[in-house]
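Single-structure report; data block below.
Whatever order the structure lists them in is the order used to number ligands and atoms, beginning at 1. What's counted below: heavy atoms across the whole structure, side chains too, no hydrogens, waters or symmetry copies.
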Amino acid sequence: MPNRTEPCAVVLAAGKGTRMKSDLPKVLCPVVDRPMIHFVLDALENAGIRRQIIVVGYEADAVKQELASRGGDIEFVLQEEQLGTGHAVQMAQSALASQLGPTIVVAGDSPLIQPTSLKKLLDHFAKTKPALLLGTLKKENPEGLGRIVRDSNGSFLGIVEHKDATEEQRKICEVNMSTYLFNTPDLLDSLSKLSNDNTQSEYYLTDCPRLLRESGRDVEAIAVLQSCESLSINNPAELELVDQTMRSMGY
Ligand code: UD1
Ligand code: CA
């Protein structure tokens with residue numbers, strides 16, 4: 001059994017990306033002339049995260065083939081049916097059983113993720129040792145994104161998906177960009193409690209924070225993400241915007 005005390009990452013990359021209107025799986029759509037997922041894996045590597053578990057599904061073989069030449073400590077797990085982001089991480093459960101260090105979960109459609117943000121999360125996590133630390137930021141137009149709900153003292157309560165949010169909650173501008181740092185046993189525990197009782201009938205990873213809080217565990221959300229990290233790719237317009245932004249940043 002390998003000694004897994006270093007942090008590892010789970011990268012969500014199984015979705016078709018229906019809104020992209022492309023034959024390619026979303027994570028293989030190119031930005032700055034490379035399939036977007038490479039930038040996510042580069043950022044993890046640059047933050048010192050060697051072990052990378054990639055959840056593949058739609059066109060799994062094409063994604064595996066693209067990443068085969070990267071080398072490093074990459075593993076693939078298969079999500080045959082795309083039943084939601086929480087379900088995707090459930091597919092990594094057995095791979096995570098040997099993981100003693102914490103687990104970062106990130107989305108494959110967010111190539112602007114910054115190694116400096118990941119390092120800030122790792123540093124904070126090492127100090128406060130919560131069950132889960134979420135990286136967030138405030139975004140002027142948060143349409144479509146999960147919102148961070150806090151109580152009147154500013155303590156984190158949960159994430160509510162845009163589609164499930166009330167009018168009042170939709171006014172919240174602090175958003176979830178799918179940048180999670182979990183204590184691994186707590187991740188596994190919360191994954192086992194997920195249900196698909198929501199507007200989209202999906203198993204949402206965004207329910208894990210609330211489930212952990214409800215079982216008395218410590219969940220923190222800190223707004224450490226940079227403004228460029230508020231960009232992710234869900235449609236051709238966002239692909240174009242991310243491509244332009246990355247080029248102007250010198251990628
Ligand atoms: C998700 C978050 C939302 C957040 C947003 C931006 C959930 C429920 N919502 O929404 O709070 O604001 O990202 O970070 O998590 N994927 C799989 N398998 C699946 C479904 C998705 O691997 O069954 C992958 C996709 O390929 C993609 C990533 O997970 O890379 C995110 O999925 P997506 O459908 O884009 O989620 P959002 O609706 O953007
Ligand atoms: Ca997305």
Does the side chain of [X] reach to within under 4.5 Å of the side chain of [Y], using non-hydrogen atoms?
X	Y	value
Leu100	Thr184	no
Phe39	Val32	yes
Ser178	Thr85	no

Distance under 4.0 Å to a non-hydrogen atom of Asn234: what atoms of ligand 1 satisfy this?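 Matching atoms, with element in brackets: 35 (O), 39 (O).
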
Below 4.0 Å from any atom of ligand 1, is there a heavy atom belonging to [X]?
X	answer
Gly57	no
Val175	no
Val55	no

Is a side-chain donor-acceptor pair under 3.5 Å present for Thr199 with Glu161?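 Per modelled atom types, Glu161 and Thr199 side chains form no pair under 3.5 Å.
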
The Ca ion (ligand 2) - number of protein N/O/S atoms closer than 3.0 Å: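 Those protein atoms number 2 in total.
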
Is the NZ or CZ atom of Arg213 positioned over Phe156's six-membered ring, under 6.0 angstrom from the centre and within 45° of the axis?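 No, Arg213 does not lie over the aromatic ring of Phe156.
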
What part of [X], side chain from CB on, backbone N/CA/C/O, both or neither, has a heavy atom under 4.0 Å from ligand 1?
X	answer
Glu161	side chain
Ala13	backbone
Leu83	backbone

Before accepting this row, confirm whether a basic side-chain N of the pair Arg210/Asp207 lies closer than 4.0 Å to the acidic partner's carboxylate O.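 Counted as a salt bridge, because a side-chain N and a carboxylate O are separated by less than 4.0 Å.
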
May I ask which of Gly15, Ser178, Gly17, Ala14 has a heavy atom nearer to atom 5 (C) of ligand 1 than the others do?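 Of the listed residues, Ser178 has the closest heavy atom.
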
